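Chain identifiers are assigned alphabetically (A, B, ...) following the order of the sequence lines, protein sequences preceding nucleic acid strands; residue numbering begins at 1 within each chain. All values reported here derive from a predicted model rather than from experimental measurement.
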Protein chains: 2
Amino acid sequence: MRRLVNDGYEAVEEMLAGYVAAQGKYVDFAENDKRVIVSKQMSEEPRVRIIVGGGSGHEPLFLGYVGKDFADAAVVGNINTSPSPEPCYNAVKAVDSGKGCLYMYGNYAGDVMNFDMGAEMAADDGIRVETVLVTDDIYSAENVEDRRGVAGDLIVFKAAASAAAKGLDLDAVKQAAEKANANTFSMGVALSSSTLPVTGKAIFEMKEGEMEVGMGIHGEPGIKRTSIEPADKVVDQIMGYLIEEMKLTAGEEVHVLINGLGGLPVMDQYICYRRVDEILKEKGVHIHSPLVGNYATSMDMIGMSITLVRLDDELKDLLDTPCDTPYFKVD
Amino acid sequence: MRRLVNDGYEAVEEMLAGYVAAQGKYVDFAENDKRVIVSKQMSEEPRVRIIVGGGSGHEPLFLGYVGKDFADAAVVGNINTSPSPEPCYNAVKAVDSGKGCLYMYGNYAGDVMNFDMGAEMAADDGIRVETVLVTDDIYSAENVEDRRGVAGDLIVFKAAASAAAKGLDLDAVKQAAEKANANTFSMGVALSSSTLPVTGKAIFEMKEGEMEVGMGIHGEPGIKRTSIEPADKVVDQIMGYLIEEMKLTAGEEVHVLINGLGGLPVMDQYICYRRVDEILKEKGVHIHSPLVGNYATSMDMIGMSITLVRLDDELKDLLDTPCDTPYFKVD
């Protein structure tokens, strides 16, 4: 296993200890739960609080976006595993300021079950918690509501957090998140598996030289497995699916996120961005404030996804609202 | 090859096209040289200009640090290959404001030869160019002046750029860079090779399960090749060498940089940081504003390095001076 860990069972706890030590300007553990990372820079005035989370192994997602005017807390599960209900609940207790909380996470069954139980526990305490599931992975299901969440998490979280930072109420913050989610579309390609620290093994088999377009970030099956193709051909395929799904037309404006899955070099990410830029310009689609980098990974997985966000003035404003966290800053 | 590129010979040009398209807020090509990336946010008042550079394949080093109050230009070579003298010279022509320029790069023979020729060409035009070589890799040679530059580049560049941003003259800026370099010490470990886009092959052989402590970022030999060890044992070894080299003692203050070489998960980087933090706290050494991330990579190489910087008030102030670039922000 080409990883630097100690006992694989301790990897998440040790990562969190390191994270809180390194990023102590931004975050701390919740007082009663070391699986909840809370912002040290929460607004003093009461606001809707933004709580994100899910399994570990996608860093900097989720904990990397806890900070000023972005997520107020992240609930941390084991690798590729939902957190249990208690930390979901404890996160609410740690950050609620009387205005309610919004849970946001990628649409995976385990997360839905556990966060929903956390929300029920909070409801028993009289705290209102709403939920928006991110469903940006266009190839994961025909029905939009059944789709998984991948790198689009970042966009949906950001839109909601900006709405909360503006002082909007829980219904309006939820609405902002839902609007962002409805306009966010992703598709990825994997060239390798990720490696689990506990077993030391790949989570699925992928031979050197193979790739799969449409694969999920935990190795969920995609469209077909082929030989690795040139970057432009890969981008062309993904963009074809995205443009068709969005019915994107000339004159529209989009945000572009090229997300590295962990092991893909920065060089390759920009080679891919170059082609996305060419395609959109050719089509007469304007690009607003693109992002290129490892925003939602699968540990050491080699691959990337492309996310397009259809923008209007409201969404543009929400994406451009200042925030400051260890892994995402807007000024 | 698990990479997303097109023609390997075009990889650098295509990366640059993508980079300038995506980061157009910060950078552009120099007018007469597409191997020179210049800042769009250079100070209007004349200042010493900071020019960094070297071979490609270490992104976000070097071009990722061109922006506001950091590097004013980056000179871009082919992968693991020094840029030729012309772009080194063209960078000076593109950014000089009458106060002279400082070249900074890692100490590799090819870079020294080419940048020196660039400086001579600039001297013929009456432009003064000074050079500071970064030599932070403690295991690369006994003599400090013969050592290679690795992740410490970021620290030395930052110190000099902050001095330039404060309006200091070329001698003072150079002095700041030399002081930062004299106090910056790095050592790394590699668990895999990087993959060259042109050949599709690893640049050196490394079997699954092997690691080498002290290896350079192009695969230069280290101390010994062993089986991959637990993270803490790897960190303990590296910290032992660094502490001995620096003669670090209780009561001192250091900056810590955990640098991922490309393919090492964020999770593992924080597991390593956790151990560095423990060791330094145990020793009574204070840590100032640590950094954890992929700052100087070798494309897809799996591995990391630890950099320690002995601080005094002057160096602390230089590292904390605000700057804004795509891959490094201080506010």
Side-chain angles (χ1 to χ4, degrees), chain A residues 1-7 11-12 14-19 21-23 25 56-57 59-60 64 79 189 191-192 194 197 208-209 228 230-232 234-235 256 258 262-275 277 287 289-292 294 297 299-300 302-304 324 329 331, chain B residues 1-7 11-12 14-19 21-23 25 56-57 59-60 64 79 189 191-192 194 197 208-209 228 230-232 234-235 256 258 262-275 277 287 289-292 294 297 299-300 302-304 324 329 331:
Chain A
M1 164 172 67
R2 287 174 159 165
R3 298 278 310 256
L4 284 176
V5 297
N6 297 299
D7 177 350
V12 173
E14 292 187 351
M15 166 185 71
L16 293 176
Y19 191 78
Q23 305 294 353
K25 178 185 151 197
S56 289
E59 294 73 27
I79 292 173
V189 57
L191 279 59
S192 82
S194 49
E208 166 86 39
I228 294 176
D232 284 5
V234 172
V235 170
V256 176
I258 302 285
L264 190 75
V266 173
M267 180 179 287
D268 305 31
Q269 296 175 20
Y270 279 102
I271 289 174
C272 292
Y273 179 78
R274 176 197 119 273
R275 184 66 187 149
D277 187 79
I287 299 172
S289 60
L291 293 172
V292 180
N294 294 351
T297 71
M299 297 183 286
D300 51 350
I302 300 170
M304 65 95 195
D324 182 18
K329 298 182 204 296
D331 49 24
Chain B
M1 160 170 72
R2 288 175 158 163
R3 298 277 310 256
L4 284 176
V5 298
N6 298 300
D7 177 351
V12 173
E14 292 188 351
M15 167 184 73
L16 293 177
Y19 191 80
Q23 306 294 353
K25 178 186 152 196
S56 288
E59 295 70 30
I79 292 174
V189 57
L191 280 60
S192 83
S194 49
E208 165 88 39
I228 294 176
D232 284 5
V234 173
V235 170
V256 176
I258 303 285
L264 190 75
V266 174
M267 179 179 288
D268 305 31
Q269 296 176 19
Y270 280 103
I271 290 173
C272 292
Y273 179 78
R274 177 197 119 274
R275 184 65 187 151
D277 187 81
I287 300 173
S289 60
L291 293 173
V292 180
N294 295 351
T297 72
M299 296 182 287
D300 52 349
I302 301 171
M304 63 97 198
D324 182 18
K329 297 181 204 297
D331 49 21

Work out which heavy atom in Gly18(A) is nearest to a heavy atom in Tyr273(B); give both atom names and the distance.
-> O-CD2, 3.5 Å
Contacting region of Ile79(B) [heavy-atom separation from chain A under 4.5 Å] = side chain
Which answer fits Val292(B), side chain, backbone, both or neither, if we ask what part of it has an atom under 4.5 Å from a heavy atom of chain A?
-> both
Contacting moiety of Gln23(B), where chain A heavy atoms sit under 4.5 Å | side chain
For chain B, find which of Ala22(A), Gly263(A), Pro290(A), Gly262(A) contributes the most heavy-atom pairs closer than 4.5 angstrom.
-> Ala22(A)
Specify which of Ala231(A), Pro230(A), Ala17(A) makes the most heavy-atom pairs with chain B at under 4.5 Å.
-> Ala231(A)
Heaviest contributor of heavy-atom pairs below 4.5 Å to chain B, chosen from Ile228(A), Leu291(A), Val5(A), Asp300(A), is Val5(A)
Quick one: pull up CG in Asp268(A) and CD in Glu59(B) and give me the separation to the nearest 0.5 Å.
-> 9.5 Å
Chain A: which of Val266(B), Ile271(B), Val256(B) shares the most heavy-atom pairs with it under 4.5 Å?
-> Ile271(B)
How long is the span from the CD atom in Glu14(A) to the CE atom in Met267(B), to the nearest 0.5 Å?
-> 11.0 Å
Based on non-hydrogen pairs under 4.5 Å, which of Pro197(A), Pro265(A), Ser194(A), Cys272(A) is most in contact with chain B?
-> Pro265(A)
From Leu4(B) atom CG to Gln269(A) atom CD, the distance as rounded to the nearest 0.5 Å | 9.5 Å
Is chain B contacted by the side chain of Asp331(A), its backbone, both, or neither, given a heavy-atom distance below 4.5 Å?
-> side chain
Sub-3.5 Å donor-acceptor pair from the side chain of Arg2(A) to the main-chain atoms of Leu191(B), do we have one?
-> yes
What is the distance from atom CZ of Arg3(B) to atom CD1 of Ile302(A), rounded to the nearest 0.5 Å?
-> 9.5 Å
With distance as the sole test, does Asp232(B) use its side chain to make a donor-acceptor pair with the main-chain N or O of Asn6(A) at under 3.5 Å?
-> no
Region of Asp277(B) that comes under 4.5 Å of a non-hydrogen atom in chain A = side chain
